[in-house]
Every structure is written in C-alpha cells, then in structure tokens.
Amino acid sequence: MTGTDGESRKNHNTSQKFGIISRPEEAHIVRKMGVTGGRIVGIQGLNPLLAHMSAGDALCIPTVSSFASGAYDLFCKMQYLSGRGIEFQSGNERYLNFSSVRPLSAVEVETLKFFASREAEFSRWVQCSKLPDVAKASLVKRIQAEYLANVVAVFYNSGIKKRGN
C-alpha cells in the first residue's frame with residue numbers, strides 16, 4: 001500500500017465517522033451517531049480534521065448552532081464538505097444530513113442560500129452604518145444567531161409544521 005492515509009482508506013472502502021463538538025457535554029450526542037471517542041474533537045480542531053478526512057467519511061455534529069456562527073458560515077461549510085465528498089450528519093437538524101447517496105435537494109440548497117444571503121446582506125448594511133464599532137459587532141452577532149435559528153427551525157421538521165408542534 002502506498003499513498004497517504006486517506007488514499008489507502010479509499011482503496012479499502014473504509015469510510016470513517018468523525019465528530020465536532022463545541023462543549024464537552026455534546027460528546028454523548030456524536031457517540032450516539034456512531035463516532036468513537038478518539039474521533040471526537042472540539043470546534044477548534046475542525047481544520048486539521050478536515051485535512052485528514054477523505055471522500056466518503058462522515059462529519060457528525062450535535063447541532064448546527066454549535067458548528068457554525070451563522071447561516072452564511074453554515075452554508076459555506078456545507079458547500080465545502082459536499083464538494084469534497086464528505087458526508088454531513090446533524091443530531092438535531094436531521095433534514096440537513098447529506099451524503100453521496102442522499103445529497104441535499106435543490107430546495108434545501110436554495111433555502112440555505114437564501115438565509116445565508118439575507119444574513120450577509122444585513123451584516124453588510126450594519127458594517128456600513130454609522131453605529132459605533134462595538135455596537136456593529138454586537139448587532140452582527142445577533143443577526144448571525146437569528147438567521148442560524150431560522151435555519152434550525154426550518155430544517156428541524158424539514159420546514160413542515162407537524163401537528164402538536
């Protein structure tokens with residue numbers, strides 16, 4: 001066997017699951033998703049982990065709010081993962097899960113793109129405003145949190161309000 005670790009894994013068709021958490025108490029969620037303890041890292045370890053992952057591997061997260069700072073950040077990360085062939089699984093927003101077998105539908109992608117573009121538009125407007133810099137930063141964080149909360153609300157039930165919810 002020659003090549004990198006990722007190449008040798010691909011040759012043997014052995015995809016792996018990895019987990020990203022933002023708080024230690026989230027580890028049990030990604031363990032339930034099939035990630036072993038040694039493959040769970042904190043959000044600060046995302047870039048080195050992605051460099052190690054290969055097409056067919058799965059990135060498991062407890063919830064998108066612990067994975068992304070806003071809708072735009074989430075959209076960019078999901079586009080990156082999809083482009084590399086890395087599967088994505090959220091413990092909370094199950095309708096955002098994708099793989100090579102079940103990619104996100106055009107409607108799901110357009111919904112994510114809509115939230116991301118609206119968030120970016122409002123954030124640019126705030127940055128161009130005459131507000132003090134401290135207020136701008138606070139407001140942009142609030143906008144990001146609100147748009148990410150909207151993504152969570154839509155994809156928690158795939159945008160469909162079910163009886164009793």
Side-chain angles (χ1 to χ4, degrees), residues 17-30 32-33 35 39-55 57-100 102-162 165:
K17 285 189 170 190
F18 297 90
I20 293 287
I21 58 173
S22 63
R23 296 180 312 276
E25 59 269 16
E26 294 175 331
H28 77 284
I29 298 170
V30 293
K32 283 184 176 180
M33 297 169 74
V35 181
R39 293 194 180 121
I40 300 171
V41 298
I43 193 74
Q44 70 282 357
L46 178 62
N47 289 337
L49 178 62
L50 290 176
H52 174 75
M53 293 177 75
S54 302
D57 287 345
L59 181 65
C60 301
I61 62 164
T63 179
V64 297
S65 61
S66 64
F67 176 64
S69 62
Y72 183 78
D73 184 39
L74 176 65
F75 180 72
C76 291
K77 286 177 177 175
M78 292 182 81
Q79 290 292 101
Y80 177 80
L81 294 171
S82 178
R84 294 223 15 237
I86 297 172
E87 299 181 9
F88 178 82
Q89 296 177 6
S90 170
N92 193 36
E93 299 79 22
R94 291 186 179 95
Y95 293 98
L96 278 178
N97 296 350
F98 61 83
S99 67
S100 57
R102 191 218 143 327
L104 289 175
S105 71
V107 170
E108 291 166 326
V109 171
E110 287 302 313
T111 302
L112 283 172
K113 192 185 301 183
F114 170 78
F115 283 119
S117 67
R118 295 296 290 167
E119 175 190 295
E121 180 182 330
F122 279 116
S123 295
R124 278 191 303 273
W125 178 83
V126 168
Q127 294 301 334
C128 293
S129 72
K130 294 181 180 183
L131 293 170
D133 287 342
V134 173
K136 287 179 185 180
S138 172
L139 190 52
V140 166
K141 282 187 181 260
R142 177 65 187 211
I143 289 167
Q144 290 172 331
E146 289 296 321
Y147 274 94
L148 193 58
N150 288 336
V151 168
V152 168
V154 167
F155 285 101
Y156 186 75
N157 287 322
S158 189
I160 301 169
K161 184 145 176 76
K162 296 180 181 176
N165 288 347

> Under the side chain to side chain contact (heavy atoms under 4.5 Å, CB included) criterion, do Ile20 and Val41 qualify, and how do the steps go?
Replying inline: CA-CA 5 Å; Ile20 293 287; Val41 298; 3.4 Å; yes
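- For the pair Gln144/Asp73, no side-chain contact is recorded, criterion being any heavy-atom separation below 4.5 Å from C-beta on.
- No donor-acceptor distance shorter than 3.5 angstrom exists from the side chain of Thr63 to the backbone of Ser66, with no hydrogens or angles considered.
- Open room surrounds CZ on Arg94; 12 or fewer heavy atoms of other groups in view lie less than 6.0 Å from it.
- With Lys17 contributing its side chain and Met33 its backbone, the two residues share a donor-acceptor pair below 3.5 Å.
- Atom NE2 of His52 sits about 14.5 Å away from atom CG of Asn47, to the nearest 0.5 Å.
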>> Is there a side chain to side chain contact (heavy atoms under 4.5 Å, CB included) between Leu112 and Val151? Walk through the geometry before answering.
In response: CA-CA 7 Å; Leu112 283 172; Val151 168; 3.9 Å; yes
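- The NZ atom of Lys141 sits 11.5 Å away from the OG atom of Ser123 when rounded to the nearest 0.5 Å.
- Residues Leu104 and Met78 are in side-chain contact: their nearest non-hydrogen atoms beyond the backbone lie under 4.5 Å apart.
- Counting only heavy atoms from C-beta outward, the side chains of Ile86 and Leu50 approach each other to under 4.5 Å.
- With hydrogens and angles ignored, the 3.5 Å screen pairs no side-chain donor or acceptor of Asn92 with any backbone N or O of Pro62.
- To the nearest 0.5 Å, atom CD1 of residue Ile61 and atom CD of residue Glu93 are 6.5 Å apart.
- Interatomic distance, CD of Gln127 versus CG of Asp133, reported as 8.0 Å (0.5 Å rounding).
- Interatomic distance, CD1 of Ile143 versus CZ of Arg124, reported as 11.5 Å (0.5 Å rounding).
- Using a distance-only test at 3.5 Å, with no hydrogens or angles considered, a donor-acceptor pair links the side chain of Thr111 to the main chain of Val107.
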> Passes side chain to side chain contact (heavy atoms under 4.5 Å, CB included), Ile29 versus Ile21? Steps please.
Replying inline: CA-CA 9 Å; Ile29 298 170; Ile21 58 173; over 6 Å; no
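- The environment of OH in Tyr147 is crowded: more than 12 heavy-atom neighbours from other residues, nucleotides or ligands sit within 6.0 Å.
- Remark: the backbone N or O of Phe67 is paired with a side-chain donor or acceptor of Lys77 at under 3.5 angstrom.
- The pair Lys113-Glu110 meets the salt-bridge criterion, since a charged nitrogen lies less than 4.0 angstrom from a carboxylate oxygen.
- Atom CH2 in Trp125 sits 6.5 Å away from atom CG in Leu131 (nearest 0.5 Å).
- Looking only at distances, a side-chain donor or acceptor of Glu119 sits under 3.5 Å from a matching main-chain atom of Ala71.
- Taking the ring centroids of Phe98 and Phe88, they lie under the 6.0 Å cut-off.
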